[in-house]
Amino acid sequence: MVELSQIKDPADIRGLSREECEELADDIRTQIIQTVSQNGGHLSSNLGMVEITLALHRVFDTPKDKILFDVGHQAYAHKLITGRYEAFDTLRTYGGLSGFPRRCESVYDCFEAGHASTAISAALGFARARDARGEKHHVVAVVGDGALTGGMCYEALNDCGNSKTRLILVLNDNEMSIAQNVGALSKHLSSLRASVGWNSTKKRVKSRLNRIPVLGRPLYRLIHTTKRMIKSIFVDEGFFSALGFRYLGPIDGNNLAAVENMLRQAKQLDEPVVIHCATKKGYGYNRAERRPEAFHGTPPFLVETGEVSGGSRQANGEVAMRTLINLAHQDERIVAVTAAMPLGTCTHLFEQAFPSRHFDVGIAEEHAVTLCAGMASGGLRPFFFVYSTFLQRGYDQVLHDVCIQNLPVVLMLDRSGISNEDGQSHQGLYDFAYLRHIPNMTVLAPANEEELRLMTRASCTFDGPCSIRYPKSAVSLPEGYAIPTFTIGKWLTLREGTDAVMLAVGSMVSTALRVADALAQDGISMTVVNASTVKPLDSDCLHRAFSMGKPVFTLEEHVRMAGFGSAVLEAASEMGFQPRVKLLAVDDCFVPHGDHA
């Protein structure tokens with residue numbers, strides 16, 4: 001028996017028997033479950049991908065042949081068999097392995113992806129670079145079916161099929177993205193999955209016809225010539241065919257032999273190919289199989305019970321959502337929108353209360369923003385719940401479709417600030433910069449959960465675009481401090497001092513108060529201001545701060561460039577002040593994965 005620890009690169013698995021590979025698949029699943037239970041991570045999608053990953057590296061000559069994983073949170077097995085077994089226990093920890101493909105980690109990680117729906121475009125780029133340079137290697141994009149709810153996929157499919165560029169697309173169809181897939185394409189893939197029965201029936205027919213003396217083989221050939229016509233009755237593969245792709249499948253993606261055989265067929269074709277693999281999310285760990293959505297991205301948990309290890313703070317998304325639900329009982333215009341993240345953003349609670357007023361659009365942030373713009377134009381009050389990092393995809397729609405028309409759309413930006421173990425592709429550190437410069441946009445950041453409630457209420461009656469950004473977990477202020485009221489454009493001084501002023505935003509308000517308490521022990525008196533509105537700034541409060549002639553510190557969990565501190569300096573210039581201002585923020589770099597602290 002081959003031990004997983006003996007696998008140093010994919011060459012080590014190409015000579016294994018099928019039985020040895022199946023034993024190796026079990027070991028890989030055990031290693032993934034143990035590591036994710038300790039470190040947290042993406043479990044369900046990775047457990048379903050083991051056989052496909054082994055087959056890819058057995059059939060293709062990697063790293064010469066290129067494999068690109070869409071999103072990347074289905075690449076744990078890939079990491080384990082490409083020389084990273086010894087370091088796998090560092091997954092998602094500071095200084096350890098990333099939870100996503102990283103080019104700096106391995107030559108087998110040819111492209112980095114943390115956001116969905118990018119792999120087909122990138123793979124097409126690799127294929128065209130190959131062709132331009134006269135090379136012959138294969139390029140494979142591994143895409144989850146949920147990613148196909150994103151518009152980039154269709155742009156890439158259309159481009160690739162139209163040009164007939166040689167490319168292999170492995171569609172990992174597990175009926176899930178992060179939440180249950182939505183939309184017409186998901187229903188289309190479901191019908192294709194059902195055709196696994198058609199394929200098995202075809203095999204039985206062939207076997208029995210071949211047993212008939214004399215007439216059996218000619219009869220089968222006659223039937224075979226009309227296969228495409230018959231299959232079109234049972235299996236609608238026209239979607240991919242219309243885009244110029246050869247469609248192969250569907251096959252059982254958790255059957256190593258079936259996947260290997262289909263990949264070898266695809267290698268022989270000189271055209272774009274789709275291989276449709278039906279897999280089971282969470283395969284091999286029954287708790288993840290039963291609740292794949294709960295184990296999509298999970299904190300550390302107990303393997304024996306599946307229960308999350310230790311306690312967890314209340315999610316800000318739930319605080320905001322329960323507030324909105326209370327308001328929605330009074331205002332029928334309020335609707336909630338999410339982009340494939342109902343659990344992560346807590347919009348599933350709104351769906352339970354108001355199923356007809358909840359809209360999950362799939363991994364389609366651009367569409368979600370413009371959908372909200374249309375709803376607002378039609379008289380509704382839409383709230384788009386989205387991670388800060390994912391709204392980056394909808395920037396043009398925010399500017400062009402929402403803000404130019406000054407529509408009352410509320411952007412609820414979850415996971416703002418440093419986003420822990422997901423790393424550089426998921427850091428919510430740029431939203432001040434890409435929102436505050438847009439005319440008509442109001443930008444808010446609550447200091448604690450009570451202020452988040454107040455902001456959510458205020459946004460319901462606000463006449464224009466508004467964004468509220470908050471971290472995943474609720475932040476508590478030090479004992480003795482509270483935020484009793486909130487008014488858009490007005491800041492609240494939480495502590496008076498004489499030596500300097502700290503203007504703090506959002507999650508940094510609590511930090512500023514603790515710093516001020518500590519400095520007081522050394523005889524330094526600090527004013528602490530909760531700068532809850534990043535745009536518009538509180539000009540009266542700023543004027544008072546600058547007039548003191550004392551140092552001013554700005555604190556924000558955001559990049560320094562174009563952030564809150566930059567806005568304060570812009571205001572000082574406009575007011576004619578030249579204050580001593582120190583900007584405390586994230587440096588001009590991509591923040592890696594690791595614990596928030």
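Please read all numbers here as calculations on a predicted model, not as lab measurements.
- Look at D587 and R560 and you find a salt bridge, because one of the NZ, NE, NH1 or NH2 atoms lies within 4.0 Å of a carboxylate O, short of that distance.
- Side chains of F88 and L97 form a contact here, defined as non-hydrogen atoms less than 4.5 Å apart.
- Looking at S459, its side chain does come within 3.5 Å of a backbone N or O of T456 through a donor-acceptor pair.
- Listed for the Q392 side chain is no donor-acceptor partner under 3.5 Å among the backbone atoms of G428.
- Between R333 and G379 the shortest heavy-atom distance is CD-O, 3.5 Å.
- In this structure, NE2 on H358 lies 9.5 Å from CG on L349, to the nearest 0.5 angstrom.
- The shortest side-chain heavy-atom distance between R393 and I363 falls under the 4.5 Å cut-off.
- Smallest separation of non-hydrogen atoms from I483 and E451: CD1-OE1, 3.5 Å.
- In this structure the side chain of I468 reaches within 4.5 angstrom of the side chain of P446, judged on heavy atoms.
- In this structure, the separation between CG on L542 and CH2 on W491 is 4.0 Å, given to the nearest 0.5 Å.
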Worksheet item: Yes or no on salt bridge (Lys or Arg N to Asp or Glu O under 4.0 Å) for D499 and K550, after CA distance, side-chain angles and deciding distance?
Response: CA-CA 6 Å; D499 295 324; K550 301 295 182 180; 5.3 Å; no
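- Taking CD of E556 as the start and OG of S416 as the end, the distance is 12.5 Å to the nearest 0.5 Å.
- Each of V568, T442, V505, L435 was checked for a side chain to side chain contact (heavy atoms under 4.5 Å, CB included) with V534, and the lone residue meeting it is V505.
- For the pair L148 and I120, the minimum side-chain heavy-atom distance is below 4.5 Å.
- Remark: F69 engages H78 in a ring pair (Phe, Tyr, Trp, His ring centres under 6.0 Å) (not counting sequence neighbours).
- Counting only heavy atoms from C-beta outward, the side chains of R415 and M341 never approach each other to under 4.5 Å.
- By the 4.5 Å heavy-atom criterion applied to side chains, P551 and F553 are counted as neighbours.
- For the pair R495 and Y481, the cation-pi test (distance below 6.0 Å, angle within 45°) is failed.
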Item to complete: Starting from the C-alpha separation in whole Å, work towards a yes-or-no answer on side-chain hydrogen bond (donor to acceptor under 3.5 Å, both in side chains) for E293 and H348.
Response: CA-CA 12 Å; E293 187 173 351; H348 69 290; over 6 Å; no
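- Atom CZ of R291 has 12 or fewer neighbouring heavy atoms from other residues, nucleotides or ligands inside a 6.0 Å radius.
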Practice prompt. Please lay out, stage by stage, how F359 and M375 fare under the test side-chain contact (heavy atoms from CB on, under 4.5 Å).
Written response: CA-CA 11 Å; F359 304 92; M375 288 176 165; 3.4 Å; yes
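- A donor-acceptor distance shorter than 3.5 angstrom exists from the side chain of S525 to the backbone of T498, with no hydrogens or angles considered.
- Across all their heavy atoms, C541 and V529 have their closest contact at SG-CG1, 3.9 Å.
- Listed for the S510 side chain is a donor-acceptor partner under 3.5 Å among the backbone atoms of S476.
- Ion pairing between a basic and an acidic side chain is recognised when a charged N comes within 4.0 Å of a carboxylate O; R436 and D431 show no such pairing.
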Worksheet item: Stepwise, does the side-chain contact (heavy atoms from CB on, under 4.5 Å) test hold for Y76 with S45?
Response: CA-CA 9 Å; Y76 289 5; S45 53; over 6 Å; no
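- Considering CG of L413 and OG1 of T389, their distance stands at 11.0 Å, rounded to 0.5 Å.
- Side-chain atoms of S44 come within 3.5 Å of backbone atoms of P292 as a donor-acceptor pair (strictly under, hydrogens ignored).
- Here the closest heavy-atom approach between residue E449 and residue A474 is recorded as OE1-CB, 3.4 Å.
- Between the side chain of N39 and the main chain of L91, a donor-acceptor pair closer than 3.5 Å is present.
- The two residues L444 and C466 make their nearest non-hydrogen contact at CD1-SG, 3.7 Å.
- For the pair S532 and F486, the tightest heavy-atom approach, listed with the atom from each and the gap, is OG-CE1, 3.6 Å.
- Here the side chain of D109 pairs no donor or acceptor atom with the backbone of C104 at under 3.5 angstrom.
- Q38 places none of its side-chain heavy atoms less than 4.5 Å from the side chain of D89.
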Fill in: Step-by-step side-chain contact (heavy atoms from CB on, under 4.5 Å) determination, M502 to V515
CA-CA 10 Å; M502 284 193 283; V515 169; 4.2 Å; yes
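- Within the model, atoms SG of C372 and CG of L411 stand 7.5 Å from one another, a figure rounded to the nearest 0.5 Å.
- In this structure, E105 contributes its side chain and P101 its backbone to no donor-acceptor pair below 3.5 Å.
- Judged by distance alone, the side chain of D414 and the main-chain N or O of V386 form no donor-acceptor pair under 3.5 Å.
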Practice prompt. Go through H593 and Y94 one step at a time and tell me if the side-chain contact (heavy atoms from CB on, under 4.5 Å) criterion holds.
Written response: CA-CA 6 Å; H593 55 279; Y94 185 71; over 6 Å; no
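- By the 30° and 60° cut-offs, the orientation of the rings of F354 relative to F350 is tilted.
- For the pair Q397 (side chain) and H367 (backbone), a donor-acceptor distance under 3.5 Å is absent.
- Aromatic ring pairs are classed by plane angle as parallel below 30°, tilted from 30° to 60° and perpendicular above 60°; the pair H42 and H296 is perpendicular.
- In the displayed structure, H400 atom NE2 is contacted under 6.0 Å by at most 12 heavy atoms of other residues, nucleotides or ligands.
- Environment of CD in E332: sparse, with no more than 12 heavy atoms of neighbouring residues, nucleotides or ligands closer than 6.0 Å.
- Taking 4.5 Å as the limit, every side-chain heavy atom of F383 sits out of range of all side-chain heavy atoms of V337.
- Here E318 contributes atom CD and R322 contributes atom CZ; the two are 4.5 Å apart, rounded to the nearest 0.5 Å.
- Other residues, nucleotides and ligands contribute more than 12 heavy atoms inside 6.0 Å of the CE atom of M548.
- More than 12 heavy atoms of other residues, nucleotides or ligands sit less than 6.0 Å from atom NZ of K535.
- Taking the ring pair (Phe, Tyr, Trp, His ring centres under 6.0 Å) definition, one finds that F590 meets it with nothing, sequence neighbours left out.
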